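Fair warning: this is a prediction, and the values are worked out from it, not measured in the lab. Naming convention: chains lettered A, B, ... in sequence-line order (proteins, then strands); numbering from 1 in each chain. Because only heavy atoms are used, hydrogens play no part in the values below, and waters and symmetry mates are left out as well, while side chains stay in.
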Amino acid sequence: MNLLLGIGFFVTLALGIPIAFVLGITALVAVIALPNVPLYLIPQRLFTGMDSFPIMAVPFFILAGNLMNAAKITDSIIEFSKLLVGRIRGGLGHVNIVASMFFAGISGSAVADTSALGSILIPAMEKERYSTAYSAAVTASSSIIGPIIPPSIPMVVLATIANLSVGGLFLGGILPGVFIGFGLMGVNYVISRRRNYQKIVEPIQWKVFFKTLLATIIPLLMPLIILGGILGGVFTATEAASVAVAYALFVGFFVMRTLSLKDLPNIFFRSMVLTSTILIVFAMANAFSWILATQEIPQKVSQYILSISTDPYVILLLVNVFLLIVGCFLEGLAAIMITVPILMPLVTQVGIDPMHFALIMVVNLMIGLITPPMGLCLIVVCGVAKMKIGPLLKEIIPFLMVEIVILFVITYMPWFTLTLPRLFKLH
Amino acid sequence: MSGIREGILKVEQSLQNLMKWVLFLVTGTMTLVVLLGVFFRYVLKAPLPWSEELARYLMVWGASLGAFVAFREGSHVGVTMIMDRLHGQTAIVLTRAAQFIVALFMATVMIEGFVLVSKIRGQTSAAMEIPMGWAYIAIPVGCLLILMEALIMIFFKGDQSPEKRGESL
């Protein structure tokens with residue numbers, strides 16, 4: 001039976017069938033093979049998987065991010081970042097990274113970050129004689145901060161599956177996200193010195209400064225509204241996300257005045273189509289994980305791994321390496337949905353904190369977005385920069401290395417992940 | 001034969017255009033309903049009993065219909081590194097096989113989805129007290145649309161494989 005499941009899973013995966021259908025097909029084959037299980041269990045699991053109010057934060061965060069993006073808030077974030085860090089050597093590289101950190105506060109997705117910032121900053125960096133590959137590498141490696149600093153779509157999904165506090169995860173992501181940002185800026189500085197990449201020299205005009213400040217701060221109040229609402233115990237995450245949509249509409253129509261009514265149908269339509277690609281995986285994974293549970297796969301995996309070691313440090317090392325490998329082949333969200341039901345019982349059994357582990361998992365699998373062969377951000381950035389993936393891989397290595405080092409630092413120093421959630425008593 | 005092909009592709013195209021407006025309305029209503037719920041609960045202190053449930057069912061419908069659009073555009077993420085390396089006859093045969101597997105899967109879930117809807121006949125939802133079938137039927141309807149699209153891809157769209165890949169997170 002387990003062999004059948006394994007073969008079904010990998011054959012359909014290799015055929016290039018979307019991961020959502022791979023999970024569903026595997027579940028269906030298992031249900032057919034199991035005696036006394038009606039086939040309508042599959043549509044039932046699909047429905048109950050999607051019929052969830054907590055997961056509705058996903059479409060709302062996507063919608064809010066898309067609205068903010070359509071309102072051209074990206075431009076003012078970049079201008080503001082230029083004023084903040086443009087005058088350090090490697091200026092535009094730092095701008096790219098810092099803008100990613102700000103952008104992370106209005107979008108919960110790395111791919112959105114890659115295409116929104118990349119399409120503006122890569123041409124700008126090329127003009128300042130940064131190589132295309134280097135510009136693309138900075139863009140892709142910093143975009144993974146998007147889902148680490150709140151709001152975050154992977155964290156909403158993880159919190160829903162593992163029954164954790166979304167607010168706690170959101171808070172826990174802040175320090176690791178900022179840490180990664182500073183780490184990447186360090187790499188950019190060292191490489192810029194070696195290659196003589198310049199800083200921005202044009203003088204600061206104070207009039208422009210205050211205008212930019214205002215145009216950046218108003219949109220960036222959004223994450224504060226979300227976090228404040230959730231942490232104050234006022235809103236659920238989904239309600240906070242819906243308020244974020246309302247706020248984005250308000251900013252777009254009345255503050256920036258860059259949004260027009262005729263843009264709305266397409267933004268709403270696109271946001272739901274993107275949501276559906278996530279929700280369908282979520283629904284299919286709901287059927288798939290039922291099979292895993294009935295076949296006691298999580299217990300078997302736990303037993304096997306615990307027979308190697310029961311030391312939490314060793315387990316964390318093994319799991320991290322395993323997830324980094326998984327991240328090379330599976331897209332982050334799908335990986336979370338498949339592996340959480342298997343790994344969560346294992347790590348809690350050896351006394352690892354579930355919230356800490358969830359945050360490690362998010363950081364780890366987001367790094368997977370820039371590892372070949374299946375790195376979504378790499379694919380997207382190649383499209384934006386109109387380049388082949390080969391030269392990009394060489395340039396991304398130092399950034400990737402620093403991110404992996406930071407991953408392990410966070411893994412073994414729970415201070416980074418748990419300080420803020422503890423401060424707000426969400427842990 | 002080519003007349004039938006044109007006709008079917010035309011219908012399929014207009015279905016896509018229709019979806020744009022349907023999904024706009026579904027998503028817009030879902031947002032409004034949740035905001036209304038927030039307003040009634042926190043401002044008027046008189047929570048609406050039905051807002052959360054209605055929003056959930058709208059989301060299930062939105063995701064089921066959106067999945068069809070995403071399938072048509074090839075936006076569902078998969079692992080394509082093996083298939084990308086293949087060329088010629090092998091690639092065509094294996095792509096057909098993959099589409100056929102998806103079609104078969106969707107047909108099964110669609111049939112079982114309708115079975116499920118007929119089984120829960122008479123059940124009503126907790127808050128709005130509408131028939132549960134109205135919500136559940138989103139699943140087989142979504143499957144029907146994807147099944148149809150998969151068959152069109154196999155028989156009418158030749159090897160024009162979806163170009164756009166990887167619109168996700």
Could you tell me which portion of I139(B) (side chain, backbone, both or neither) has an atom closer than 4.5 angstrom to a non-hydrogen atom of chain A? side chain
Using non-hydrogen atoms and a 4.5 Å limit, figure out which bit of F60(A) sits close to chain B: side chain, backbone, both or neither. side chain
Please flag which part of I267(A) lies under 4.5 Å from any non-hydrogen atom of chain B: side chain, backbone, both or neither. neither
Find out whether W21(B) and F269(A) are in side-chain contact, i.e. whether some heavy atom of one side chain is under 4.5 Å from a heavy atom of the other. no
Considering only heavy atoms and a distance below 4.5 Å, find which of E52(B), M110(B), M83(B), M106(B) pairs most often with chain A. E52(B)
Turns out that what part of I19(A) lies under 4.5 Å from chain B's heavy atoms comes down to both
Of all heavy-atom pairs linking G327(A) and T371(A), the shortest is O-OG1, 3.8 Å
Applying a criterion of heavy atom separation less than 4.5 Å, what residues of residues 239-248 of chain A form contacts with chain B? E239(A), S242(A), V243(A), V245(A), A246(A)
Taking every non-hydrogen pair under 4.5 Å, which of M19(B), M30(B), R56(B) racks up the most with chain A? R56(B)
Y57(B): partners by ring pair (Phe, Tyr, Trp, His ring centres under 6.0 Å), with sequence neighbours left out: none
Counting heavy-atom pairs under 4.5 Å with chain A, the top scorer among I120(B), I111(B), L116(B) is L116(B)
Applying side chain to side chain contact (heavy atoms under 4.5 Å, CB included), run through I42(A) and E112(B) and close with a yes or a no. CA-CA 8 Å; I42(A) 301 283; E112(B) 291 302 320; over 6 Å; no
Taking every heavy-atom pair that is under 4.5 Å apart, which of I82(B), V115(B), L23(B), L35(B) has the most such pairs with chain A? L35(B)
Strictly below 4.0 Å, N to O, side chains only: are R270(A) and E73(B) in salt-bridge contact? yes
At a 4.5 Å cut-off on heavy atoms, which part of T114(A) comes close to chain B: side chain, backbone, both, or neither? neither
Apply side chain to side chain contact (heavy atoms under 4.5 Å, CB included) to the pair T160(A) and M337(A), showing each step before the final yes or no. CA-CA 10 Å; T160(A) 313; M337(A) 297 179 211; over 6 Å; no
Test side chain to side chain contact (heavy atoms under 4.5 Å, CB included) applied to S51(B) and R41(B), step by step: CA-CA 10 Å; S51(B) 62; R41(B) 171 136 37 131; over 6 Å; no
Pick from C143(B), A135(B), P140(B) with the largest number of heavy-atom pairs that fall under 4.5 Å of chain A: A135(B)
Residues two or more places apart in sequence or in another chain: which of them pass ring pair (Phe, Tyr, Trp, His ring centres under 6.0 Å) with F68(B)? none
Within-4.5 Å side-chain heavy-atom neighbours: L249(A) and L264(A): yes
So, S107(A) and D113(A): side-chain donor and acceptor under 3.5 Å apart, yes or no? no
Contact winner vs chain B - I25(A), L41(A), L279(A), heavy-atom pairs under 4.5 Å: I25(A)
Enumerate the side-chain hydrogen bond (donor to acceptor under 3.5 Å, both in side chains) contacts for residues 119-137 of chain B, please, sequence neighbours excluded, ordered by first and then second residue. E53(B)-S125(B)
Working for side chain to side chain contact (heavy atoms under 4.5 Å, CB included), residues I17(A) and H76(B): CA-CA 9 Å; I17(A) 293 178; H76(B) 291 293; over 6 Å; no
Of all of P59(A), G24(A), A20(A), which one pairs up most often with chain B through heavy atoms under 4.5 Å apart? G24(A)
Chain A interface, residue from A138(B), A97(B), A67(B), G37(B) that has the most non-hydrogen pairs under 4.5 Å: A67(B)
